[in-house]
Protein chains: 2
Amino acid sequence: MLELAILGFLYDHSLHGYELRKRITALTGHVRPVAESTLYPAIKRLEKAGLLARETQPGAVAAPRHVLSLTDAGRNELRRRLAEPARADITDENRWFTVLAFLRHLDEASAQAAVLRRRLDFLQEPASFFYEGDRPLRAEELDDPFRQGILTIARATSRAELAWLRKTLASLG
Amino acid sequence: MLELAILGFLYDHSLHGYELRKRITALTGHVRPVAESTLYPAIKRLEKAGLLARETQPGAVAAPRHVLSLTDAGRNELRRRLAEPARADITDENRWFTVLAFLRHLDEASAQAAVLRRRLDFLQEPASFFYEGDRPLRAEELDDPFRQGILTIARATSRAELAWLRKTLASLG
DNA sequence: TCGTAGTACTTCGAGTCCGATGTATTGTGT
DNA sequence: ACACAATACATCGGACTCGAAGTACTACGA
């Protein structure tokens with residue numbers, strides 16, 4: 001997730017870690033903030049794996065900056081992760097949004113459409129949060145107003161996303 | 001999150017680990033499955049902290065079951081976690097849904113309302129995913145269809161949840 | 001000139017999670 | 001009679017994450 005965001009942001013521009021941090025915070029920080037002590041080790045991991053390169057600049061403002069850029073292997077890896085997301089990247093909205101945020105980096109519309117279709121399939125699975133035996137319960141069948149809320153909100157999200165997915169899939173041809 | 005779900009499910013009934021696992025899977029498993037090797041250590045943690053008690057039954061169906069039940073400390077701890085959720089429990093939808101799933105266990109409507117109000121405040125903060133400088137961008141200003149999708153879906157969710165929150169807060173008095 | 005805020009990165013330890021693997025029992029199909 | 005699935009729990013190592021603290025430098029107001 002974090003790694004995907006790092007690769008995704010660096011695909012467009014080289015950035016130093018601090019700027020990267022600000023962009024990741026803007027993207028997902030209001031939901032799930034990223035600690036510095038998580039970001040910098042992640043950068044090191046990716047660097048060690050040969051996915052990104054580091055060039056140290058003398059500090060213009062403060063401490064020396066490490067300007068990061070994707071290697072060819074890094075670009076390939078980003079495309080691979082976007083084209084073949086893990087199951088959790090499809091099902092978990094937080095992860096899914098990160099995939100969506102960078103999906104334009106896939107070159108082919110058909111590959112983009114394939115990813116959207118996986119999300120579509122997932123949303124169409126008959127899944128609920130609450131069951132009676134094996135039968136999924138509908139909001140109206142619950143007497144707990146908070147659990148009703150969960151189903152109400154999830155249904156609204158699902159509806160909106162299905163509409164958007166179908167529209168976008170149609171426009172991708 | 002996991003711990004909250006364990007405490008929440010055990011508030012109503014004593015359950016053995018395997019049954020607990022099935023209920024947690026039903027609740028959040030389609031989004032984020034819980035591995036057995038995560039659940040059982042979590043149970044041990046809570047037991048060690050004195051929040052739940054274990055009674056071993058001879059295996060009716062298979063291996064001996066450990067029937068788990070909340071101690072008084074466990075009941076207090078659940079109510080405490082529900083009444084004073086961490087920031088991430090409010091902002092991350094996955095965690096928030098878990099709080100909602102058990103919020104009825106808070107005795108007082110005013111305490112329930114206070115939690116809902118925290119979510120309301122969060123949703124009303126002007127936050128986006130994409131910025132131009134400091135200014136949040138609207139869906140129409142993006143030319144990336146996938147990023148437009150993120151904003152479109154997030155807005156639909158937000159609208160539905162705000163409506164539900166206001167309705168429910170009104171009915172809580 | 002002194003404190004504070006912001007930039008930019010690092011280290012450490014503790015906790016948490018997961019995949020893989022293992023053990024033991026009962027029920028079901030063939 | 002035997003394999004296999006399901007029940008039920010446990011252990012282990014490796015990876016990831018976080019909070020706390022630290023380093024170091026610049027800019028700016030009082």
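Every chain is numbered from 1, with letters handed out A, B, ... down the list of sequences. Just so you know, these numbers use all the heavy atoms, side chains as well, and skip hydrogens, waters and symmetry mates.
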Does NZ or CZ of B:Arg65 fall inside the cone over B:Tyr18's six-membered ring, less than 6.0 Å from its centre and within 45° of the axis? no
Regarding A:Tyr131 and B:Arg23, is there a side-chain donor-to-acceptor distance under 3.5 Å anywhere? no
Counting C-beta onward and ignoring hydrogens, is there a side-chain heavy-atom pair between A:Phe129 and A:Arg147 closer than 4.5 Å? no
Minimum-distance nucleotide to B:Glu36 side chain [options: D:dC18, C:dC9, D:dC9]: D:dC9
Between P of D:dC9 and CG of B:Leu15, the distance in whole Å: 11 Å
Send over the distance from B:Lys48 NZ to C:dA14 C1', rounded to a whole Å. 13 Å
Rounding to an integer number of Å, can you tell me how far B:Leu39 CG sits from C:dG19 P? 14 Å
Do B:Glu125 and B:Arg118 meet the salt-bridge criterion of a basic N to acidic O distance under 4.0 Å? no
Within less than 4.0 Å of OP1 or OP2 of C:dC18, is there a side-chain N or O belonging to B:Thr38? yes
Between P of C:dT25 and NE2 of B:His66, the distance in whole Å: 14 Å
According to a strict under-4.0 Å criterion, is A:Lys44 in side-chain N/O contact with OP1 or OP2 of D:dA15? no
Counting just side-chain N and O atoms, does A:Tyr40 come under 4.0 Å of either OP1 or OP2 of C:dT10? no
Picking from C:dT7, C:dT10, D:dT7, the nucleotide nearest the side-chain atoms of B:Tyr18 would be D:dT7
Taking the side chain of B:Arg65 as its heavy atoms from C-beta onward, which of D:dT11, C:dT11, D:dA8 lies nearest to it? D:dA8
Please confirm whether the shortest side-chain N or O distance from A:His16 to OP1 or OP2 of C:dA8 is below 4.0 Å. yes
Give B:Arg45 one of three labels, base, sugar-phosphate or nothing, depending on what nucleic acid heavy atoms sit under 4.0 Å from its own. sugar-phosphate
Categorize A:Arg54 for me: base, sugar-phosphate, or nothing, with a 4.0 angstrom heavy-atom threshold over every strand shown. sugar-phosphate
